[in-house]
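Within every chain, numbering begins at 1; the chains are lettered A, B, ... in the order of the sequence lines, protein sequences first and strands thereafter. What you see is a predicted model, and the numbers here were worked out from it, not measured in a lab.
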Number of protein chains: 4
Amino acid sequence: MLVNRRTLRIEWGQCDPAGIVFYPQYFIIFDTSTGWLFERTGLSPRAMRLKYGIVGIPVVDVGATFRAPCRFDDEVIVESQVSEWGRSSFTVRHRILTNGNLALEGFEKRVWAAPHPECAGAIQAQPIPAEIIASLSDPTGVTTVGNKAASEN
Amino acid sequence: MLVNRRTLRIEWGQCDPAGIVFYPQYFIIFDTSTGWLFERTGLSPRAMRLKYGIVGIPVVDVGATFRAPCRFDDEVIVESQVSEWGRSSFTVRHRILTNGNLALEGFEKRVWAAPHPECAGAIQAQPIPAEIIASLSDPTGVTTVGNKAASEN
Amino acid sequence: MLVNRRTLRIEWGQCDPAGIVFYPQYFIIFDTSTGWLFERTGLSPRAMRLKYGIVGIPVVDVGATFRAPCRFDDEVIVESQVSEWGRSSFTVRHRILTNGNLALEGFEKRVWAAPHPECAGAIQAQPIPAEIIASLSDPTGVTTVGNKAASEN
Amino acid sequence: MLVNRRTLRIEWGQCDPAGIVFYPQYFIIFDTSTGWLFERTGLSPRAMRLKYGIVGIPVVDVGATFRAPCRFDDEVIVESQVSEWGRSSFTVRHRILTNGNLALEGFEKRVWAAPHPECAGAIQAQPIPAEIIASLSDPTGVTTVGNKAASEN
């Protein structure tokens with residue numbers, strides 16, 4: 001699978017009075033990291049929504065295990081990859097490392113979701129396009145769907 | 001003017017490593033407090049959007065002055081009122097008190113905004129309905145537009 | 001077990017462009033709901049830290065399953081209870097309901113953590129005091145450790 | 001003055017149901033942008049705290065004027081610079097641009113704050129070190145206090 005790596009700094013406002021990251025902040029990092037992983041297809045999040053007529057890729061199941069705290073000013077590496085493809089759902093695995101050690105790992109199970117054809121405001125799971133699967137399954141990151149500069153972020 | 005008062009507790013996740021509220025959190029409190037002030041009209045935020053065809057009341061100008069920090073577990077009182085009515089804009093003044101002392105005060109200048117009739121995605125300022133002005137100008141809170149139980153929150 | 005119930009309104013700033021709650025926001029709700037559950041012991045979060053010399057109850061494992069979205073202006077009920085007691089860790093189960101239906105459920109596994117006696121900045125798990133377990137295991141909520149008015153929130 | 005420029009993408013979780021950035025999120029961007037501006041001195045936030053014995057640079061006054069909305073997936077440029085130096089306080093001016101147009105501008109007035117020598121938990125304003133002023137006043141960014149790679153972020 002294609003692994004997307006981001007280098008981030010832990011910011012003051014992400015930390016709590018114990019001086020460590022307030023844990024819901026990690027899910028914000030997961031969410032944006034999934035966005036950047038999917039950008040490796042060569043499509044921005046908005047372009048992907050337009051091209052395939054989806055409203056998004058909402059989360060249905062999520063979890064994380066915390067091994068060591070991250071602190072203000074720490075530089076962390078976030079590694080994200082799809083760990084499992086279903087027909088209309090998939091699981092993204094995230095690992096966050098500080099100083100080469102695993103601080104936490106987690107997952108997001110998400111659904112490829114289009115507007116429901118009959119029920120306004122509701123969504124309906126759709127089969128994930130084969131080219132998206134192919135692109136994010138290619139460990140070299142060469143296989144892209146769009147032509148956006150697919151730089152790591 | 002009608003003053004809406006809310007009693008809140010400062011939560012762990014709102015505070016930073018210095019043990020005090022991370023200042024952008026106060027603007028989240030301002031935003032929700034404006035919501036609860038407008039609920040004193042007897043209309044929920046969603047009902048108000050439906051009744052008047054507005055997309056919301058976006059902020060155009062905002063500011064705050066911080067006098068004393070609020071800390072984890074502090075009980076604070078938030079007092080909110082419209083301090084000025086324009087034709088299609090208005091200013092809400094917020095004061096946050098701890099132990100009877102003013103911790104901070106600020107304001108949000110907002111616009112009564114409907115979808116632009118010609119430009120998709122854009123908005124257009126609209127005159128504020130007279131009954132909304134009347135309701136939020138009545139210090140007793142008796143003058144309501146809708147019939148929702150207008151309890152303080 | 002004692003179940004703590006909170007009634008909350010979903011606020012504008014908790015929702016995303018799809019009009020539903022941005023999922024990391026639910027973990028902020030979980031975190032504050034655990035705080036209010038423990039307040040049913042009669043001790044505020046700060047008082048509990050002082051009385052037992054703990055730095056907090058950090059999360060080591062967390063998860064959630066989303067069944068139906070919550071939207072702006074929805075009134076939700078959050079039900080929180082300890083579902084399992086270990087020696088120095090425990091699991092809090094949270095359920096969020098809208099209109100009587102389960103929107104999501106999740107858990108937080110947390111540790112009763114004191115400062116490490118030898119390693120500055122580090123923490124050490126401690127046995128959970130029996131009276132805390134007794135108080136939060138009493139479904140009537142009558143068994144309190146402190147004398148703070150233990151109202152639901 | 002030295003201007004620090006950051007290029008950011010507006011993320012899904014920063015936007016509200018109107019599809020535009022929820023305004024308190026801009027203050028989180030201001031806060032981190034001030035952090036990166038001060039990193040141009042060659043000192044990380046943590047190194048600066050250690051070197052000068054300060055607890056931080058808390059905000060005392062803040063404001064923003066919103067001219068055009070930023071939307072999900074927009075690329076924005078944040079320009080930050082000190083606009084005024086006082087003895088122990090200073091003002092940082094932030095401008096956020098999309099597609100070359102000014103979306104919003106704002107300021108943060110902050111204090112150079114050390115722990116109060118007599119009152120535990122309180123802070124005391126201190127004179128800003130001359131070398132910090134010199135470093136952030138040098139438009140070329142060559143004048144650094146520490147030797148950290150002072151790259152733009």
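Between A:Val62 and C:Phe66, the shortest heavy-atom distance links the atoms CG1-CE1, 3.7 Å.
Heavy-atom distances place both the backbone and the side chain of A:Val59 under 4.5 Å from chain C. Looking at A:Gln25, neither its backbone nor its side chain comes within 4.5 Å of chain C, counting heavy atoms on both sides. Of the atoms belonging to A:Phe22, it is side-chain heavy atoms, and not backbone ones, that fall under 4.5 Å from chain C. For a residue to count as touching a neighbouring chain, one of its non-hydrogen atoms must lie under 4.5 Å from one of that chain's; by this rule A:Arg67 does not touch chain C. Contact annotation for A:Ala18: neither backbone nor side-chain heavy atoms come within less than 4.5 Å of a heavy atom of chain C.
Taking the six-membered ring where the residue is Trp, C:Phe27 and A:Phe27 present parallel rings, their angle staying beneath 30° rather than reaching 60°.
Ranked by heavy-atom pairs shorter than 4.5 Å toward chain A, the options C:Pro24, C:Gly63, C:Ala64, C:Pro69 are led by C:Ala64. Considering only heavy-atom pairs separated by less than 4.5 Å from chain A, the leading option among C:Val60, C:Ile28, C:Ile123 is C:Val60.
For the atom pair CG of A:Asp31 and CG of C:Asp16, the computed distance is 8.5 Å after rounding to the nearest 0.5 Å.
Annotation: side-chain hydrogen bond (donor to acceptor under 3.5 Å, both in side chains) contacts of C:Ser83 (sequence neighbours excluded): none.
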